[in-house]
Amino acid sequence: MGLSYKSLLLFLSSLFIPSGVLILCFSSTTSSAISGNETDLQALLEFKSKITHDPFQVLRSWNETIHFCQWQGVTCGLLHRRVTVLDLHSLKISGSISPYIGNLSFLRALNIQNNSFGHEIPQQIGYLRRLEELRLNNNSVGGKIPTNISRCSNLVFISLGKNKLEGNVPEELGVLSNLQVLSIFGNKLTGSIPHSLGNLSQLQRLSLAENRMVGEVPNSLGWLRNLTFLSLRSNRLSDIGFLLPNIRWFAISSNEFTGKIPVSLSNATNLESLLLLQNNLTGEVPSLAKLDRLRVFSLTSNNLGTGKADDLSFLHSLTNTTALEELGVNGNNFGGMLPDSIANLSTTLRILLLDNNRIIGSIPSGIENLVSLEDFEVWNNQLSGFIPDSIGKLQNLVVLALNSNMLSGHIPSSLGNLTNLIQLLVEDNNLSGRIPSDLGRCQNMLGLSLSQNNFSGSIPPEVISISSLSIYLDLSQNNLTGTLPMEVGNLKSLSEFDVSGNKLSGEIPRTLGSCISLEILNMAGNNFQGLIPSSLSSLRALQILDLSNNHLSGEIPGFLSTPGALQYLNLSYNNFKGMVPSKGIFKNASATSVEGNNMLCGGIPEFQLPVCNSARHKKNRLTPVLKTVIAAISAISGMAFLILMLYLFWFRQKKVNETTADFSEKKIMELSYQNLHKATDGFSSANIIGMGSFGSVYKGRLDREGTLIAVKVFNLMRRGGFKSFLAECEALRNIRHRNLLKVLTACSSLDYHGNDFKALVYEFMVNGSLEEWLHPPVATNEAELETRKLNFLQRLNIAIDVASALYYLHHHCEPQIVHCDLKPSNILLDEELTGHVGDFGLARFLLDATQNHYTQSSSIGVRGTVGYAPPEYGMSSEVSTYGDVYSYGILLLEMFTGKRPMDDMFKDGFNLHNFVKAALPNQVVEIVDPNLLPEIEEGETSTDSADTGRCKTSSNRLMECLNVIFQVGVDCSVEFPRERMPIVDVGRQLASIKDKLVGTGFPSKRQISIL
């Protein structure tokens, strides 16, 4: 009865096992277990002692009242009860890593990433022989990488990125034969890449970006047959000579790489994206004949080429690359002939950029073979010969830029077949003949420049009446004759019109006053005659007006002196007469020129014109009788005019509302740079309400009416900024939907410094963006905190709004539109919290419902925002409606979890999609946005914000709805595009959920327009 458990065990065992043997075995295992447990306990307590800050009190459980295997973040083996996993990631812990960590000899995974650990990695880390995963990324760990980490021979995963590590990458890492991932980006590492890394035969991902390493990339990396991802960006490496046969994505863009492109790179036969743009690479480009999987290839903005005849011979080697979609060799020193072999490139090629080189020769007629081509740019070269008629067969062309060459002959009339063309640039060549009237069929044109050629004959009315022209129409510096056609009045959206330096004659057509968006009008150097038509007073947005060197006559019209947007006026060398005004622009001699008009007088002293005495003298010579007669006539006329005005006022009073609305709309359509500058207080930073990839959005208040507007100003200095403006203009031209952000007008002008200015003016959304509601800044008081929360039903309504907008873009627009940048900051909310999708700067157009090609191009690689862009875009796949559905799925998951897709917790393949998927269906309450938990627990949710009641429902029903919502988000964001849920099914699912919550007793004030 008094026997202990141990004594009883010894006694019973002795009946079957010889004594001595049992005692030896028991003694050995028991003492080992006890010793091991004590060692692990002591090591964990020492680890805890080095923690200086634990805001979530996660280490409070680390005390001896419970076994350490039950401590938070600690996992033990089931049999030996030794610590196998220590996971304290993303807990905002501060402190240092205790050297006693080396005593956890059974440890297989150490994860303390996304904290604030400092000091150094202790050398004792090398004692962890069983360690497989080491995750220390996103801390402040300094010092050197311990060389004895090489003793951890079972390591599969090392992530030390985003720390303060210094020194070299240890050569000893080359012995870790099981290593698959080595990520040391974002540190202060120096020296060169160790040759020994080529021994890591299992390595799949290598990231050394954002360090200070120098030297060559060792050829030994070519032995890494399993490597599929290599990131070396932001290092200062002098060469990239290595062989990577399995690499699919390789980018060293926007760095300071020098030297030649290694010949060995041509053996990377699995490459799909090769981006070497914006470096200092020199020399020749090797043959790329083996890269038959290449889809995107860019050498843009380097110093490649020698100016010799065979510089572009490598293009011939790309004719085997049947999947090629984007090719950019622009901005280099390539010389020699433009090879005919470019006509044999892939029929899937959409973007071909050859501009800004020293290429000679002619454009091959076989260019017609590139049937998918959308952007063809060869400007600023030395090309000669004719523009081939065959270009007119490239009916998908959106941008055709042939300017600044030595092309001759005429413009082929076949270019009129390019009905998708948005920009046509042929200026600064030696072209001649007549401007073909067939260009008038290009009714999507936004910009047309034919300047600095030898075109003759009259301006075709068909061309000058392309109503879509909104950016510029430049016909200057030619030999055009005849009159300016009256059809010029159709250019109501045009911003810049230039016909200077021709031989045009006749009067300025009064219809020019209908071009109410004009900001620059240059008609200098022609033979125009007659008066300045009074209709030009309608050009309220006009900033630059040049009528110099013509034969215009009459008096200077008074409307030119009216205060407005006009900043530069040149009336010199005409036949104007009479008094020069002294108001408005005429008060600034540096902004006004009137010289060469011998019959002018008056004006400010700087003009040095004679005094207008004659007018005053004639006035004084009127007789008293004549003065009396004039006074009587004036009195009678005044009374008649007063009666007429009273009648007109009474007659038009009933229409005052609609005319006021029309007037306001007209004023908005005529907004100029000056108006927008004033409305935003000089584009003050205090008025910034959003910032994006290509510009900033400002809150503006128009004069008198106080109308609020949102002004998106494009950063034209950023590559792709201008194309983003064009893309957004084109996307917003013909789309109308209640859930799309309404654009009021566009402004294309010059700022006060003479720089190009492009802006879009939107309807102002009083409730800002969805981003501000999901992730509000720190509230200053409790009331503010409470008002910036979205309840369950409000989030669901917004999700339905966005789905409705996507359904419209994908299925009711011709051609289809893919948004390409769906995220919370691009969802704007009005006063009723209705969602409006905005920012179409990356939008693409699908040619056909069965194709995934787009016709609106931008700079290579710009395809959305990291975290929201689908994975296939990272592999340079063409954009598609499937991509928008993926972004929508991520957006939906973010709306109901409150977690951004780029949250610190999502690393190394673990993402928001996986996070939610793992919680379905029984653990969704653990991942839901904490702001929604009170509603779920109480079983109560608000109806639409415009309603006053509340909708009572069970917690179970809310959980069921939440499960469906999360499942929809997961189904939309799966990896494979064609497996994603169609947007029409998304709308039906969400509408069904809303119906369950609200029911017929609480009808929504919004109509669900997804179907």
Side-chain angles (χ1 to χ4, degrees), residues 338 355 359-368 376-395 397 399-419 421-466 468-469 472-488 490-491 494 496-506 522-528:
L338 181 62
D355 54 274
I359 304 172
I360 61 175
S362 59
I363 301 172
S365 59
I367 194 75
E368 65 183 89
F376 181 40
E377 302 185 28
V378 291
W379 54 283
N380 197 20
N381 280 290
Q382 300 169 27
L383 295 174
S384 56
F386 299 157
I387 300 174
D389 288 341
S390 56
I391 283 187
K393 296 182 179 180
L394 301 177
Q395 295 190 10
L397 268 182
V399 176
L400 178 59
L402 311 176
N403 46 302
S404 301
N405 282 286
M406 296 183 288
L407 298 172
S408 57
H410 62 276
I411 293 180
S413 59
S414 63
L415 294 193
N417 298 327
L418 306 179
T419 54
L421 207 59
I422 288 179
Q423 269 192 302
L424 174 60
L425 308 172
V426 296
E427 76 265 18
D428 192 16
N429 279 289
N430 297 317
L431 298 170
S432 57
R434 291 178 172 269
I435 298 173
S437 60
D438 301 80
L439 290 180
R441 301 204 305 270
C442 302
Q443 288 296 316
N444 289 311
M445 194 97 71
L446 299 179
L448 173 62
S449 179
L450 309 179
S451 66
Q452 300 179 64
N453 282 286
N454 297 308
F455 292 117
S456 58
S458 59
I459 300 174
E462 296 86 352
V463 173
I464 207 166
S465 61
I466 301 176
S468 61
L469 284 169
Y472 51 81
L473 173 57
D474 192 349
L475 306 176
S476 63
Q477 306 302 315
N478 282 290
N479 294 309
L480 298 173
T481 57
T483 61
L484 187 61
M486 297 289 285
E487 287 81 359
V488 70
N490 292 329
L491 303 177
L494 189 63
E496 180 179 343
F497 182 42
D498 193 344
V499 291
S500 62
N502 282 288
K503 299 176 182 178
L504 298 172
S505 57
N522 191 349
M523 306 178 72
N526 282 285
N527 296 317
F528 289 112

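As the structure is a prediction and not an experimental result, all values here were calculated from the model. Nothing fancy with the numbering, it's 1 onward along the sequence.
- Among all heavy-atom pairs drawn from L431 and S408, the shortest one is CD2-O, 3.4 Å.
- Note that OG of S437 and CD of E462 are 4.5 Å apart. Values are rounded to the nearest 0.5 Å.
- The nearest pair of heavy atoms linking P388 to P364 is CG-O, 4.1 Å.
- Residues V463 and L448 meet the side-chain proximity criterion, which asks for heavy atoms closer than 4.5 Å.
- To the nearest 0.5 Å, the span separating CD on Q452 from CG on N430 amounts to 11.0 Å.
- A distance of 10.5 Å separates CG of D355 from CZ of F376, quoted to the nearest 0.5 Å.
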**Request:** Check the pair I435 / N478 against side chain to side chain contact (heavy atoms under 4.5 Å, CB included), numbers first and verdict last.
**Result:** CA-CA 11 Å; I435 298 173; N478 282 290; over 6 Å; no

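- Here N380 pairs with N356, S404 under the side chain to side chain contact (heavy atoms under 4.5 Å, CB included) rule; sequence neighbours left out.
- Within the model, atoms CD of E368 and CG of L394 stand 8.0 Å from one another, a figure rounded to the nearest 0.5 Å.
- Counting only heavy atoms from C-beta outward, the side chains of I359 and V378 never approach each other to under 4.5 Å.
- Using a 4.5 Å heavy-atom cutoff, the side chains of W379 and L400 are not in contact.
- Shown here for A524 and N526, the closest heavy-atom pair between the two residues is O-ND2, 3.2 Å.
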Would you list the atom pairs, donor with acceptor, under 3.5 Å between side chains in residues 410-418 and any protein atom, with sequence neighbours excluded?
{"from": "S414", "atom 1": "OG", "to": "D389", "atom 2": "O", "distance (Å)": "2.7"}
{"from": "N417", "atom 1": "OD1", "to": "R441", "atom 2": "NH2", "distance (Å)": "2.6"}
{"from": "N417", "atom 1": "ND2", "to": "S414", "atom 2": "O", "distance (Å)": "3.3"}

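- In this structure, CG in L338 is found 7.5 Å from CD1 in I363, a value given to the nearest 0.5 Å.
- Using modelled atom types, no side-chain atom of N479 and backbone atom of T481 make a donor-acceptor pair closer than 3.5 Å.
- With hydrogens and angles left out, the side-chain atoms of S449 and E427 include a donor and acceptor closer than 3.5 Å.
- Taking CD1 of I387 as the start and CG of N429 as the end, the distance is 7.0 Å to the nearest 0.5 Å.
- The side chain to side chain contact (heavy atoms under 4.5 Å, CB included) check on S432 picks up N454, with sequence neighbours excluded.
- The closest donor-acceptor contact from the side chain of N403 to the backbone of V426 lies at 3.5 Å or more, if one exists at all.
- The backbone N or O of T419 sits less than 3.5 Å from a side-chain atom of N444, completing a donor-acceptor pair.
- No side-chain donor-acceptor contact under 3.5 Å links Q395 to the backbone of G392.
- Between the side chain of N453 and the backbone N or O of F455, no donor-acceptor pair lies under 3.5 Å.
- You'll find the side chain of P485 stays beyond 4.5 Å of the side chain of V488, heavy atoms only.
- A donor-acceptor pair is defined here as one N or O able to donate and one able to accept, closer than 3.5 Å; no such pair exists between the side chain of N381 and the backbone of N405.
- In this structure a side-chain-to-backbone donor-acceptor pair under 3.5 Å is present from S468 to M445.
- Using a 4.5 Å heavy-atom threshold, the side chains of I459 and L475 count as touching.
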Might you work through the side chain to side chain contact (heavy atoms under 4.5 Å, CB included) test for L383 and L407, ending with a clear yes or no? CA-CA 6 Å; L383 295 174; L407 298 172; 4.2 Å; yes

Verdict with supporting geometry, L473 and L491, side chain to side chain contact (heavy atoms under 4.5 Å, CB included):
CA-CA 9 Å; L473 173 57; L491 303 177; 3.8 Å; yes

(message) Before you tell me yes or no, could you show the steps for M523 and L484 under side chain to side chain contact (heavy atoms under 4.5 Å, CB included), namely the whole-Å CA-CA distance, both residues' side-chain angles and the distance that decides it to 0.1 Å?
(response) CA-CA 10 Å; M523 306 178 72; L484 187 61; 3.8 Å; yes

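- Checked by atom type and distance alone, the side chain of D474 pairs as donor or acceptor with a backbone atom of S476 at under 3.5 Å.
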